Undergrad: 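First the structure, then my questions, so here it is.
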2 protein chains.
Amino acid sequence: MTDRSSAAGKPIRTAITDEDGIDFAIIELFFFAYRDFTSDPDQILADYGFGRAHHRVLHFVNRRPGLTVAELLDVLKITKQSLARVLKQLIDTDHIVQVQGLRDRRQRELYPTAKGRALALALARPQSRRIRAALEDSGTAERASIERFLEAMVNPELRAQINIVPAQTSGKKNGDH
Amino acid sequence: MTDRSSAAGKPIRTAITDEDGIDFAIIELFFFAYRDFTSDPDQILADYGFGRAHHRVLHFVNRRPGLTVAELLDVLKITKQSLARVLKQLIDTDHIVQVQGLRDRRQRELYPTAKGRALALALARPQSRRIRAALEDSGTAERASIERFLEAMVNPELRAQINIVPAQTSGKKNGDH
DNA sequence: GGAATTACGTCAGTACTGTTGACGTAATTT
DNA sequence: AAATTACGTCAACAGTACTGACGTAATTCC
C-alpha cells in the first residue's frame, strides 16, 4: 500500500484554484463557518441527549408556534419517519406539546412549552453572539448585505418559507387563554 | 393523544422574536442557505454512491494536494475511523492516490488523480454558480464583506486552517505572479 | 351516506456518517 | 534499544436520514 499502484491515475500535485471561475474561497469559508456555527449548540444539546435534529425542530416550533407536522416536514425537508423519533422525544421530555387543530381536528398543532422556549433560547444565544461578533468585525453596516446574500443563496422556490416568519408584531394573534 | 395531558406544560402561542437580542433572522437564513448550498452536490454524489463526507475529503485533497491523513483529520474535525471508510472508497475508485512521504515515510501524502480533480470541479460548479448568483443579487461590491463575515464566523483558533489555502485565493491576498 | 382523501402515527428495514476504544506495524525519535 | 508517531483496521454502537407499507381518525367529495 501507500504507493502508486500501477493501474491508478497519477497524482496531481498542483492545487485546484479559482481558475475555472469556481469560487473555492467562499465555498470553503461557508463550510468552516457553518461547522463552527453549529458547534456551540451541539455541545449544549449533548447534555440533554439531543442532537442537531432536535434543535431544528425546537427552533421552528418556537418561531412558528402552532405549525402542523406537515408544515414542519416541509420546512425541514425531511421525511415523516425522520421527524417522528425526534419529535416524540421532545414531546416526552415536555419541551413541545401537541394541540388538536380547531379547524381540522386531524392536525396536530405544535407549540413550545416554557421549558421548550427556554431551551430554544439557550441554544440560540451562542449562535447569536457569534453572529454579532462577526458583524462587528465586518462593520455593522454590512448586516443588510449579509442578509441579502444568505437569502439569495436559498432556492427561489423555497424562499417563501423564510418570509412566513412571525413578522414579530408583538402578536396577539389570538387574545384568548 | 393530541391533547394537553395534565402534567405537560402549557403551550406558548407567541412566536419567539428578535426581542431578547437573539438574531433569529440570520440564524434561520444560515440554516436555509447551507441546506440548499449542499443540495446541489448531494445530487451528483448520489450517482457515485458517495455522500457529503466524500465531497469534503475530495475538496480538501484538491485544495491542498499532498496533505497527510493527520492534517486532513485536523481540518475536517472528525475521527480517524470516520475518515478511513470514506478515504478508502475514494482511493479504491481511483479518485485519490496515496504517496509515501519523502521526508517521513510513515506519512501518506494524499493527491487527487485526474478523475478526482474532475469530480471535485463538477461538485463545486453548481455551488459556485449559486454563490455568483447570490453575489449578483446583492451587488458584486459586497463580496469582500461576505468573505469577511464568513471568516469571522469561524473560531479564531481555527482560522489558520483557512489561510493554509494555496495562496492566490481569489486574487489579491498576495501579489505573487 | 358512502367513498376517497388527508394528516398523522408507526412498524420494518436500510444507509451514511459519526463516535470510542483497542490493536498492529512500520518508521522516526530519543 | 525503547518510546513515540502516523497510519490502517477491527469491533461495536449512535444519530439522522431514507423508503415503503399499514392503520386510524377526520374531512371532503360525489
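Every value quoted in this text rests on a predicted model; they were computed, and no experiment measured them. Side chains are part of it too, since the values below use all heavy atoms of this structure and drop only hydrogens, waters and symmetry mates. In what follows, chains carry the letters A, B, and so on, assigned in the order in which the sequence lines appear, proteins first and then strands, with residues in each chain numbered from 1.
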Undergrad: Using heavy-atom distances to pick each residue's nearest nucleotide on DNA chain D, tell me which of B:T68 and B:Q81 is more 5'.
TA: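 Per heavy-atom nearest nucleotide, the more 5' residue is B:T68.
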
Undergrad: Both A:R106 and A:K88 contact DNA chain C. Taking the nearest nucleotide for each, which residue is further toward the 5' end?
TA: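 Result: A:R106.
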
Undergrad: Is a salt bridge present between A:D137 and B:R148, judged by a nitrogen-to-oxygen distance below 4.0 Å?
TA: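 Result for this pair is no, no salt bridge flagged.
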
Undergrad: Between A:D42 (CG) and C:dT17 (P), how many Å, whole number?
TA: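 Distance, rounded to whole Å: 18 Å.
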
Undergrad: Taking all non-hydrogen atoms of both residues into account, name the closest pair between A:R117 and A:N62 and its distance.
TA: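 A:R117 and A:N62 have their closest heavy atoms at NE-OD1, 2.7 Å.
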
Undergrad: Roughly, in whole Å, what's the span from CD in A:Q107 to C1' in D:dT24?
TA: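 Atom CD in A:Q107 sits about 16 Å away from atom C1' in D:dT24.
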
Undergrad: Among C:dG9, D:dC18, D:dT27, which nucleotide sits nearest the side chain of A:R105?
TA: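 Side chain of A:R105 sits closest to D:dT27.
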
Undergrad: Could you tell me how far apart B:E71 (CD) and D:dC7 (C1') are, to the nearest whole angstrom?
TA: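 In whole Å, D:dC7 C1' lies 13 Å from B:E71 CD.
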
Undergrad: Please confirm whether any donor atom in the side chain of B:R52 sits under 3.5 Å from an acceptor in the base of C:dG18, or the reverse.
TA: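 Result: no qualifying N/O pair found.
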
Undergrad: Please report the distance, rounded to the nearest Å, between CD in A:Q43 and P in D:dG15.
TA: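 The answer, rounded to whole Å, is 17 Å.
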
Undergrad: I'd like to know if the side chain of A:R159 and the backbone of A:V154 have a donor-acceptor N/O pair within less than 3.5 Å.
TA: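 A pair under 3.5 Å: yes.
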
Undergrad: Rounded to whole Å, please give me the gap between CZ in A:F50 and C1' in C:dG18.
TA: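 In whole Å, C:dG18 C1' lies 20 Å from A:F50 CZ.
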
Undergrad: It should be established whether B:T79 places a side-chain nitrogen or oxygen under 4.0 Å from OP1 or OP2 of nucleotide C:dG18.
TA: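 For C:dG18, OP1/OP2 do not have a side-chain N/O of B:T79 under 4.0 Å.
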
Undergrad: Side-chain contact test, heavy atoms from C-beta onward, threshold under 4.5 Å: evaluate it for A:T38 versus B:Y34 and give yes or no.
TA: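 Side chain of A:T38 against side chain of B:Y34, heavy atoms only: no contact under 4.5 Å found.
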
Undergrad: Nearest heavy atom decides the nucleotide; on that basis, is B:S82 or B:G49 closer to the 5' end of DNA chain C?
TA: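 Taking each residue's closest nucleotide, the earlier one in sequence belongs to B:G49.
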
Undergrad: Can you tell me if the side-chain N/O atoms of B:H54 get under 4.0 Å from OP1 or OP2 in C:dT17?
TA: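 For C:dT17, OP1 or OP2 has a side-chain N or O of B:H54 closer than 4.0 Å.
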
Undergrad: Establish, with yes or no, whether the OP1 or OP2 oxygen of C:dC16 is under 4.0 angstrom from a side-chain nitrogen or oxygen of B:R85.
TA: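 It does not, given that no N or O in the side chain of B:R85 lies less than 4.0 Å from OP1 or OP2 of C:dC16.
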
Undergrad: Just to confirm, is there a sub-4.0 Å distance from OP1 or OP2 of C:dG18 to any side-chain nitrogen or oxygen of B:R56?
TA: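 Yes, because at least one side-chain N or O of B:R56 sits under 4.0 Å from OP1 or OP2 of C:dG18.
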
Undergrad: Establish, from distance only, whether the side-chain atoms of A:R130 and B:N155 form a donor-acceptor pair under 3.5 Å.
TA: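 Yes.
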
